Structure formats: structure tokens, C-alpha cells
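Order of the sequence lines fixes the chain letters, A, B, ..., with proteins taken first and strands second; residue numbering starts at 1 for each chain. In this text, all values refer to a predicted model and were calculated from it rather than measured experimentally.
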There are 2 protein chains.
Amino acid sequence: MYYKPFVQFFIGKRSYMELKPEKSVPARHDHQNCIDTALQEAERVLEDKGARMTGIRRLVLQYIWRNHCAVKAYDILGFLGDRKGSAKPPTVYRALQFLQDHGLVHRLESLNAYIGCPYPAENHNGQFLICNDCGTVKEFTTPEILRAVDIAADTQGFEVSHQTHEVLGRCQDCREQGNGLD
Amino acid sequence: MYYKPFVQFFIGKRSYMELKPEKSVPARHDHQNCIDTALQEAERVLEDKGARMTGIRRLVLQYIWRNHCAVKAYDILGFLGDRKGSAKPPTVYRALQFLQDHGLVHRLESLNAYIGCPYPAENHNGQFLICNDCGTVKEFTTPEILRAVDIAADTQGFEVSHQTHEVLGRCQDCREQGNGLD
DNA sequence: AGAATTGTGTTATGTTATAACATATCGCTG
DNA sequence: CAGCGATATGTTATAACATAACACAATTCT
Ligand SMILES: [Zn+2]
Ligand SMILES: [Zn+2]
Ligand SMILES: [Zn+2]
Ligand SMILES: [Zn+2]
């Protein structure tokens with residue numbers, strides 16, 4: 001049994017689930033720098049490919065980068081609704097698809113959620129550490145994993161097209177701060 | 001861009017998606033043996049834990065083991081409906097949760113689908129090769145992957161609770177038989 | 001300007017999953 | 001075997017996630 005980084009809350013009798021917000025967004029680094037870098041990189045990557053960074057796509061990417069937690073599609077939808085009057089699911093999913101296709105965001109299959117990629121210029125499969133407690137997602141790359149998969153696939157005659165590696169658990173900050181009961 | 005093992009079909013003008021069925025179920029091995037072994041092992045594992053193998057749970061597990069493809073919850077629902085008159089989603093999801101909790105099936109996050117575990121006695125995280133072409137799923141275990149994850153997690157002070165490793169691609173059979181266009 | 005391509009708006013619906021509460025069944029104990 | 005607590009199932013309703021299909025607008029190319 002393991003826990004997913006969601007929090008439950010109530011309005012009246014009805015309960016809702018929401019991705020846990022990152023406990024302390026600004027504490028440990030200059031996150032505005034993360035945002036700026038990500039957006040600049042994105043513009044550059046798309047420019048290089050002759051793809052268009054439109055208003056909606058930029059908004060979605062900015063929202064995804066508001067912190068280091070995974071973002072749910074319908075949260076983005078709500079955000080766009082606030083900013084643009086009316087937005088419908090296809091608007092969000094199309095933007096997400098585009099951003100994924102160009103390597104700017106990754107989809108976290110185990111959360112049905114999305115996270116900005118810090119290395120959009122390099123074509124890669126992401127590997128992720130996901131904190132069940134604060135919701136922070138950290139992308140990492142371990143050549144050993146890729147090599148191990150290649151070997152396993154080769155011995156089976158299997159041709160790899162895409163990989164998903166998602167690791168759930170508890171991040172250092174939460175282990176240090178937490179009471180263990182959370 | 002990669003493909004998921006779904007096939008599209010039409011009824012009238014409307015299109016539907018369905019998990020691709022395994023191309024040739026019986027060809028290469030005695031699958032009845034897989035089924036029998038899985039079911040016996042399941043009984044034994046549950047017995048050891050003092051957990052109950054009920055009618056519904058057995059039916060669901062049998063259906064999951066009908067071949068080596070991943071199974072969607074609502075396909076199971078349809079199957080149960082055929083066999084039991086009326087079955088509703090919670091019936092299926094409860095059975096699946098139970099089977100997962102006892103290590104008898106794994107959930108494939110990238111497909112929203114479920115697959116029987118050939119090694120239910122050993123507590124483990126699955127690693128999977130998933131064929132986009134025929135839908136066959138093969139569980140494998142590569143200690144190198146686990147070790148690499150442990151190392152990566154340790155260096156970040158991250159405490160691992162659960163891992164997902166899913167590899168999409170094309171299996172050997174499909175590469176040999178296929179025309180490359182599929 | 002006109003055509004082709006790409007992006008967005010909109011409606012409707014498909015697909016996956018859970019909450020909440022009622023009822024039944026099981027396994028034990030007296 | 002009656003009564004009780006625990007476990008399992010039935011049932012209704014709805015939440016949460018995602019796409020098809022088609023209309024229309026904006027951009028780019030010629
Ligand atoms: Zn940051
Ligand atoms: Zn990445
Ligand atoms: Zn078999
Ligand atoms: Zn397994």
C-alpha cells in the first residue's frame with residue numbers, strides 16, 4: 001500500500017481531492033529563476049523547431065511552472081477559466097499535448113498529472129521522484145536505468161519506444177520536517 | 001510520439017477504442033497452464049495470509065489471466081455483467097484493489113489497465129515490457145533498475161515507497177511477423 | 001487576395017474511478 | 001444454533017479524466 005500526493009477536503013458533505021500543494025515553494029531556491037529559465041528555454045526550443053508558442057500554450061506552461069508539483073489538467077482548466085472567461089477541456093488537453101510533443105512537459109502516468117521538464121532541449125524519457133507528502137516532483141536521469149532496460153529489452157528481442165519510470169515516496173525535506181504521522 | 005496498444009473500430013459513425021487483443025494466444029505456450037498455475041498460486045497466497053478468495057475475486061482473476069494482455073476495468077465489468085446479471089463499477093474496482101493489495105495483479109499506470117502477476121508470492125514492484133502492437137505484457141525484474149533507483153533516491157535523501165517502470169515498444173513476435181507498417 | 005495550414009471555440013460524449021450507504025455473508029463465541 | 005462483529009457485496013449517484021467532431025479564426029505561403 002502506498003499513498004498518492006492528494007489531499008482530501010470537504011465542502012458541506014461532499015469531499016474533494018486535490019493534489020497536495022508543495023509545502024514551501026520559495027524557501028530553498030529562487031523559483032522565479034526556474035520559471036524564467038523554463039519559459040525562455042521553451043521559446044528557444046520551439047523557435048528552433050519552427051513551432052509556435054501561442055498565448056494559451058504560454059499560459060499553460062507558466063501555470064505548470066508555478067511550483068515543482070504536478071498539475072492536473074482540470075486545475076489548468078480552472079486557471080484558464082479565470083484568465084480567459086471560458087475554457088473547455090480540449091483547450092487544455094491540446095495545449096498539454098503540444099507541450100509534451102515538444103518535450104516541454106512530461107505526463108506523470110501514476111498521477112494523471114503533468115510536470116514541466118527542466119531539460120527540454122534534450123530528447124529523453126523522464127524519471128521522477130514524487131513526494132507523497134508535499135507533492136514535489138524531481139526529474140532525474142540515471143543512465144544505469146536506461147542501460148538496464150535496454151539490456152532487458154534486447155534479451156527479449158523487444159524494441160523500446162517509450163519508458164515510464166516513476167518513484168513514489170517521501171522527499172528529504174518532508175522526512176526532516178515531518179512527524180512521521182502525516 | 002509513441003503509440004499505445006489500442007485499436008480503433010466503428011459502430012455506425014461513432015468510433016471506439018479497445019485494447020488490442022493478443023495476436024495469437026495459444027501459439028507459443030500452453031496457456032491453460034499459466035491460468036491454472038496463477039489461480040492455484042493465488043489460492044495459496046491468500047490462504048497463507050488468511051485472506052478470502054471469493055467468487056467475484058476468482059472470476060476477475062480468471063478473466064485477467066485469459067491471456068497476457070492488460071485488461072481494462074470496464075471490460076471486466078462487462079464480463080461480470082455477462083456472468084452475473086448486474087455488476088457495477090465498485091464491484092470491479094474493489095476486486096481489483098484486493099487483488100493488487102495481495103500482489104496478485106499489477107496496475108499498469110500508462111494504460112489504466114491491469115495484468116496478472118506471475119510472482120505473487122514475492123513482494124515486489126513490477127517492471128513491464130508492453131507491446132504496442134499485440135498488447136502482450138511481460139513482467140520482468142532487473143535488479144540493476146532497483147539498485148539504480150535506490151542510489152538515485154539515496155543521494156537525494158528520498159525514501160522510496162513504490163515504483164512504476166513501464167516500457168512501451170514492440171515485442172519480438174510482432175517485429176518478426178509484422179510488416180513494419182502496423 | 002486566395003489557398004493551405006495551424007490553432008481555437010464549442011458541443012457532446014466517452015472513459016475511468018470513487019463516495020456513501022444499504023444489505024448480505026462469513027466466522028466466531030457463548 | 002443464536003447473536004455479534006467483521007468482511008464482502010449491492011446500489012445509487014457522481015466525480016475525475018479525456019477525446020471526437022465540426023465550426024470558425026488566425027497565420028503563413030504563394
Ligand atoms: Zn523552482
Ligand atoms: Zn524531462
Ligand atoms: Zn500464458
Ligand atoms: Zn509482479
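Of the side-chain N and O atoms in B/Lys88, one or more sit less than 4.0 angstrom from OP1 or OP2 of D/dT11. Regarding contacts with the backbone of D/dC17, a side-chain N or O of A/Lys72 is found under 4.0 angstrom from either OP1 or OP2. One finds a side-chain N or O of A/Thr91 lying less than 4.0 angstrom from the OP1 or OP2 phosphate oxygen of C/dG9. At least one side-chain nitrogen or oxygen of B/Ser86 sits closer than 4.0 Å to the OP1 or OP2 atom of D/dT11. For the pair B/Thr54 and D/dA8, the criterion of a side-chain N or O lying under 4.0 Å from OP1 or OP2 is not met. For the pair B/Tyr114 and C/dT16, the criterion of a side-chain N or O lying under 4.0 Å from OP1 or OP2 is not met.
One donor-acceptor pair, N or O on each side, does fall under 3.5 Å between the base of D/dG10 and the side chain of B/Arg94.
When rounded to the nearest whole Å, the span between NE2 of B/His102 and C1' of D/dT7 equals 12 Å. As a whole-Å value, the separation of A/Arg57 CZ from D/dT27 P is 12 Å. Here the C1' atom of nucleotide D/dT7 and the CG atom of B/Leu46 are 14 Å apart, to the nearest Å. With rounding to whole Å, A/Gln97 atom CD is found 13 Å from C/dG7 atom P. Put simply, CG on A/Asn112 is 9 Å from C1' on C/dT16, counting in whole angstrom units.
B/His31 and B/Asn67 are not linked by any side-chain donor-acceptor pair at a separation below 3.5 angstrom, with hydrogens and angles left out of the test. Side-chain contact annotation: A/Thr164 with A/Glu109, donor-acceptor N/O pair under 3.5 Å absent.
Using a 4.0 Å heavy-atom criterion, one finds that B/Arg52 contacts the sugar-phosphate atoms exclusively.
The residue among B/Ile56 and B/Pro89 whose nearest nucleotide of DNA chain D lies closer to the 5′ end is B/Ile56.
Ion pairing between A/Arg44 and A/Glu47 fails under the 4.0 Å rule for side-chain N and carboxylate O.
For A/Pro90, the side-chain atoms get nearest to D/dT19 when compared with the rest of D/dT9, D/dT19, D/dT11. Checking C/dT11, C/dA17, D/dC17 against every side-chain atom of A/Tyr93, the shortest atom distance belongs to D/dC17.
Between the side-chain ring of B/Tyr74 and the base of C/dT16, a stacking contact exists by the 5.5 Å and 30° definition.
Tested against B/Glu139, the residues B/His124, B/His68, B/Gln127 include a single side-chain hydrogen bond (donor to acceptor under 3.5 Å, both in side chains) partner, B/His124.
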Exercise for the section: Under the side-chain hydrogen bond (donor to acceptor under 3.5 Å, both in side chains) rule, what do A/Asp36 and A/Gln32 come out as? Steps first, then yes or no, please. Expected result: CA-CA 6 Å; A/Asp36 295 344; A/Gln32 188 59 48; 2.9 Å; yes
